[in-house]
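We name chains A, B, ... by the order of the sequence lines, and we start the count at 1 in each one. It should be emphasised that the depicted structure is a prediction, and the values quoted were computed from it without experimental measurement.
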2 protein chains.
Amino acid sequence: MLELIRLWNSPGIFLNTTTLIIDTLRRQIAGGCLAPGHKLPAERELAVLFDTTRITVKDALSMLEAEGLIYREERRGWFVSRPRLIYNPATRSHFHELVHSQQRTAETRVLACEAVVAPGELAAEMGLAPLSRLIRICRARRIDERTVLYVEHFLRPELFPGIEQQDLSRSLTELYRRKYGLEYGRSRFDICPTAARGEAAGVLNLAQGSPVLAVSRINYDQFDRVIDCDREVWRHDAVRIRVESRGEPRTILPSTACP
Amino acid sequence: MLELIRLWNSPGIFLNTTTLIIDTLRRQIAGGCLAPGHKLPAERELAVLFDTTRITVKDALSMLEAEGLIYREERRGWFVSRPRLIYNPATRSHFHELVHSQQRTAETRVLACEAVVAPGELAAEMGLAPLSRLIRICRARRIDERTVLYVEHFLRPELFPGIEQQDLSRSLTELYRRKYGLEYGRSRFDICPTAARGEAAGVLNLAQGSPVLAVSRINYDQFDRVIDCDREVWRHDAVRIRVESRGEPRTILPSTACP
DNA sequence: GAGTGGTCTAGACCACGGA
DNA sequence: CCGTGGTCTAGACCACTCC
């Protein structure tokens, strides 16, 4: 059986076992035999099928995972990834609108809303005094029934009195505007490929140390005051960042040039 | 010995072996005992030290690798990562300038410059006819003696006659401007966490299937014509994307509003 | 309770890098 | 040549999910 698979996949070419498994699964996925959302056979089954051990199978699956073609859910199994959400951090579009515009279903779960002291280097990043008080809103966002984003917002409390009584499962952008008269102005965001740790890993159904894409952003309002900071942790296979840039000159123009 | 390490690291808390190794190394790195660029002990040595097997050690190292704290060079060993380069794909700053401004050393190696037929979906992405001819320039870029970026440029040949005779180890931006009178205008870029495949993996000294950050960009000139497309593959631990956004309204303004 | 991945053992041989 | 990671074997027990 193994020899048949080997021959079918690579007449005349030698492939080691790991590569063989990867290539075979890649073809099945590309060809549509394994459709997005489908569950792969159990690791033990694949080991028998390819006449190898679970370790080797796991290595191969991990590589496809790194590529974003498949993902795992802890102790539930391996699944074929769905298309990535195309996401532009420069536009504060509503998550639900964005997801719906790409023919997917969206859901937001509020995990926490609490007063905290600015953790770690956050106060400095936001240009606030050390030990400043902030409101922390923590949410999990799901696409097609799968949690793909863990996000914490840190708000300046003096700008958002009573926000804890609002419905936080909806767009914060909208709430800021409607209830507090604050529009987003400029912002700065950082994108950093790293690994999931702590609560984010659990919420995203990931093992500690799984690769994720961290996006952090500091937002200013229409009067150029810091409003809030948000820290997003995306499942790395679930997103593709797309930014349209107007082309920035190498010498900075005075900001009055383009109001 | 193992019990000593376990006690020292986590008095009263149970850690599994993998987590123990990760925590121990993380502390050594954070504390500066293991400085950036330093080589870790061999996997076999770590296995003895932590009284476990190479597989477990490798699992732990892979997680620190995913986090970006350490990296491997094939069959040479594991090393502590240097700080990430902060990179803004929206500004076409010269690579060497950018790297020097962050107190690092830069080097560019030209791997290829050749005429090709637009591969795959590239012609469509650039808005060109299928099977259009393009010039492909392929380069490897190094920071502090380590290859961290593999980049392919695809140029419209009619805009760049004779470019193959130019010095391509320097800034293409500068060359476009100086020799061909083309300035970059707007652009669109995509950022996608994925895995290294093919030539990129070899050049970056990565095993096939290692996680990388792919950045692809389509560039327009001052007359809003497509100039070129570039596809960057970054070692995922070597870079952090940072973009300053002016704040984009949700409804698109006519482009004449801000010339 | 059955099935799944998570973790781990205790080895082995190979291929490449570097002196 | 030696040291390194790359790859692989053939199992084991555990913790969690789902029925």
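- Rounding to whole angstrom units, CG of residue A:Leu40 and C1' of C:dG3 are separated by 16 Å.
- In this structure, the CH2 atom of B:Trp78 is 17 Å from the P atom of C:dG17, given to the nearest Å.
- Donor-acceptor pairing under 3.5 Å is lacking for the side chains of A:Arg231 and A:Ser216.
- Put simply, NZ on A:Lys58 is 16 Å from P on D:dC8, counting in whole angstrom units.
- Taking only side-chain atoms of A:Glu45, from C-beta outward, the nucleotide of D:dT4, C:dT4, D:dG6 with the closest atom is C:dT4.
- Taking 4.0 angstrom as the limit, B:Arg76 places none of its side-chain polar atoms (N or O) nearer than this to OP1 or OP2 of D:dG5.
- For A:Asp59, the salt bridge (Lys or Arg N to Asp or Glu O under 4.0 Å) criterion is met by no residue, not counting sequence neighbours.
- Salt bridge B:Arg139/B:Asp167: absent, no basic N to carboxylate O contact under 4.0 Å.
- A:Asn205 places its CG atom 13 Å from the C1' atom of C:dT4, with the value rounded to the nearest Å.
- For A:Arg82, there are no side chain to side chain donor-acceptor pair (under 3.5 Å) partners, not counting sequence neighbours.
- Residues satisfying the side chain to side chain donor-acceptor pair (under 3.5 Å) test with B:Arg44, not counting sequence neighbours, are none.
- Here the P atom of nucleotide C:dG5 and the CZ atom of A:Arg72 are 10 Å apart, to the nearest Å.
- Between the NZ atom of B:Lys39 and the C1' atom of D:dG5 there is a distance of 9 Å, rounded to whole Å.
- Within the structure, salt bridge (Lys or Arg N to Asp or Glu O under 4.0 Å) pairs that include any residue of residues 196-209 of chain B comprise A:Glu67-B:Arg197, B:Arg136-B:Glu199 (at least two apart or interchain).
- Each of C:dC8, C:dG17, C:dG6 was ranked by its minimum atom distance to the side chain of B:Thr18; first place goes to C:dC8.
- Ionic pairing of B:Glu65 and B:Arg72 is present here: one or more N-O contacts between side-chain nitrogen and carboxylate oxygen are shorter than 4.0 angstrom.
- Overall, the helix from C:dG1-D:dC18 to C:dG18-D:dC1 carries an axis bend of 20° between its ends, with five pairs at each end and the value rounded to 10°.
- Atom CG in B:Asp59 sits about 9 Å away from atom C1' in C:dC8, given to the nearest Å.
- Here D:dC8 is the nucleotide among C:dG17, D:dC8, C:dC8 with the atom lying nearest to any side-chain atom of A:Asn16.
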Worksheet, complete the sentence: Quick tally for nucleotides 9-15 of chain C: nucleotides whose base has a protein heavy atom under 4.0 Å get B, sugar-phosphate-only ones S, the rest -, giving BB-BB-B

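- Note: B:Tyr150 and B:Trp234 fail the aromatic proximity criterion, with ring centroids not under 6.0 Å apart.
- The interatomic distance linking A:Leu46 (CG) with C:dG3 (P) rounds to 16 Å, in whole Å.
- A 4.5 Å side-chain heavy-atom check between A:Leu175 and A:Leu172 finds at least one atom pair inside the cut-off.
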